[in-house]
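Remarks on the structure that follows.
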Amino acid sequence: MFKKRTDTIDYSHEIETTAFGYEFYREILLPELLGTEQAAVLYWTGKEMARKFPLSSKEEIEQFFMNAGWGKLEAQQEKKNEMTYSLQSPLIDERMKTSRTGCYQLEAGFLAEQFQNMLRCITEAYETDKKNDVQFTVKWDLKDKIE
């Protein structure tokens with residue numbers, strides 16, 4: 001019998017995994033399980049994950065993306081009510097070389113919720129594929145406050 005674990009996972013150190021293992025879950029298993037609802041489910045899951053890992057700065061968000069293995073998140077442009085980021089990684093490069101259309105709604109939902117928590121107003125994020133990276137646009141409305 002397996003003993004139920006009562007401790008938490010130590011996320012402070014790196015563990016290597018193969019690209020195949022990561023891509024198996026992301027590009028094969030999740031689409032199979034979620035079907036046509038994949039984008040919506042991943043977006044709302046990303047928001048829920050942000051609630052479990054609340055961050056307090058843009059720099060912490062960028063570091064989280066690296067630690068989660070999602071890639072290098074870089075701010076591209078900031079406007080009054082909008083922020084644009086690019087996301088790059090070797091795995092994203094490989095997906096684009098094979099013409100596979102990746103789904104980055106998990107990351108978009110995560111970004112939306114982190115900004116919503118930091119700004120205390122309704123926020124949304126969406127992804128757009130670019131030539132060599134994935135781009136996210138985060139938009140908020142400072143007039144639409146949350147409690």
Side-chain angles (χ1 to χ4, degrees), residues 7-19 21-147:
D7 58 335
T8 59
I9 297 172
D10 178 9
Y11 295 108
S12 66
H13 63 281
E14 292 184 25
I15 298 174
E16 296 284 323
T17 186
T18 64
Y22 182 81
E23 292 293 280
F24 179 81
Y25 288 109
R26 183 173 189 108
E27 301 295 321
I28 298 169
L29 182 63
L30 284 176
E32 182 68 26
L33 289 172
L34 302 175
T36 59
E37 299 299 320
Q38 177 183 4
V41 170
L42 289 178
Y43 186 84
W44 291 103
T45 301
K47 290 177 75 66
E48 183 61 32
M49 293 301 99
R51 291 180 198 113
K52 292 180 188 279
F53 294 90
L55 305 171
S56 59
S57 71
K58 295 170 190 171
E59 294 78 21
E60 285 183 3
I61 295 170
E62 292 169 5
Q63 187 60 52
F64 184 93
F65 269 66
M66 288 297 291
N67 293 346
W70 292 346
K72 183 176 182 179
L73 184 70
E74 287 187 274
Q76 299 296 303
Q77 185 177 36
E78 186 169 1
K79 297 179 183 175
K80 182 180 176 185
N81 296 323
E82 180 179 303
M83 184 87 174
T84 304
Y85 283 98
S86 69
L87 179 64
Q88 298 174 315
S89 78
L91 290 174
I92 291 171
D93 294 343
E94 287 301 313
R95 276 184 220 121
M96 291 190 174
K97 285 179 189 174
T98 61
S99 300
R100 288 181 290 164
T101 305
C103 179
Y104 301 94
Q105 289 298 300
L106 180 72
E107 294 88 338
F110 188 86
L111 276 171
E113 188 68 20
Q114 292 295 353
F115 270 80
Q116 185 165 299
N117 289 335
M118 289 188 301
L119 299 171
R120 307 304 303 159
C121 64
I122 298 298
T123 306
E124 65 179 26
Y126 57 91
E127 65 166 295
T128 54
D129 291 326
K130 294 295 178 189
K131 189 181 283 187
N132 295 318
D133 64 359
V134 174
Q135 190 172 36
F136 297 101
T137 302
V138 183
K139 292 186 174 191
W140 56 87
D141 184 353
L142 293 173
K143 295 175 192 168
D144 201 358
K145 296 283 185 190
I146 60 170
E147 295 178 18

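Atoms considered below: every heavy atom in the structure, side chains included; atoms not considered: hydrogens, waters and symmetry mates. The structure presented is a predicted model; accordingly, all values stated were derived computationally and were not measured. Residues: numbered from 1 along the sequence shown.
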Enumerate donor-acceptor pairs with a distance under 3.5 Å from any side-chain N or O in residues 108-123 to protein atoms, sequence neighbours excluded.
from   : atom 1 : to     : atom 2 : distance (Å)
Glu113 : OE1    : Lys47  : NZ     : 2.9
Glu113 : OE2    : Arg51  : NE     : 3.3
Gln114 : OE1    : Leu55  : N      : 3.0
Gln114 : NE2    : Ala50  : O      : 3.4
Gln114 : NE2    : Phe53  : O      : 2.8
Gln116 : OE1    : Thr123 : N      : 3.2
Asn117 : ND2    : Glu113 : O      : 3.3
Arg120 : NH2    : Glu147 : O      : 2.7
Thr123 : OG1    : Cys121 : O      : 3.0

Side-chain donor/acceptor pairs under 3.5 Å, residues 32-45, sequence neighbours excluded:
from  : atom 1 : to     : atom 2 : distance (Å)
Tyr43 : OH     : Ala125 : N      : 3.2
Thr45 : OG1    : Val41  : O      : 2.7

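For the pair Glu127/Glu107, no side-chain contact is recorded, criterion being any heavy-atom separation below 4.5 Å from C-beta on. A 4.5 Å side-chain heavy-atom check between Ile92 and Gln88 finds every atom pair outside the cut-off. The closest side-chain heavy-atom distance from Asn81 to Leu142 is below 4.5 Å.
Under the rule for a side-chain hydrogen bond (donor to acceptor under 3.5 Å, both in side chains), Gln77 has no partner lying at least two apart in sequence or in another chain. When the salt bridge (Lys or Arg N to Asp or Glu O under 4.0 Å) test is applied to Lys143, no partner is found at least two apart in sequence or on another chain. Legend: residues meeting side-chain contact (heavy atoms from CB on, under 4.5 Å) with Thr137, ordered by chain and number and at least two apart, are Glu82, Thr84, Tyr126, Lys139. Applying the side-chain hydrogen bond (donor to acceptor under 3.5 Å, both in side chains) test to Glu62 and every residue at least two apart in sequence or in another chain returns nothing.
Contact between Lys79 and Trp140 at its shortest, heavy atoms only, is O-CZ2, 4.2 Å. Met66 and Gly71 get closest at one heavy-atom pair: SD-O, 3.3 Å.
Atom OH of Tyr85 is separated from atom CZ of Phe136 by 11.0 Å, given to the nearest 0.5 angstrom.
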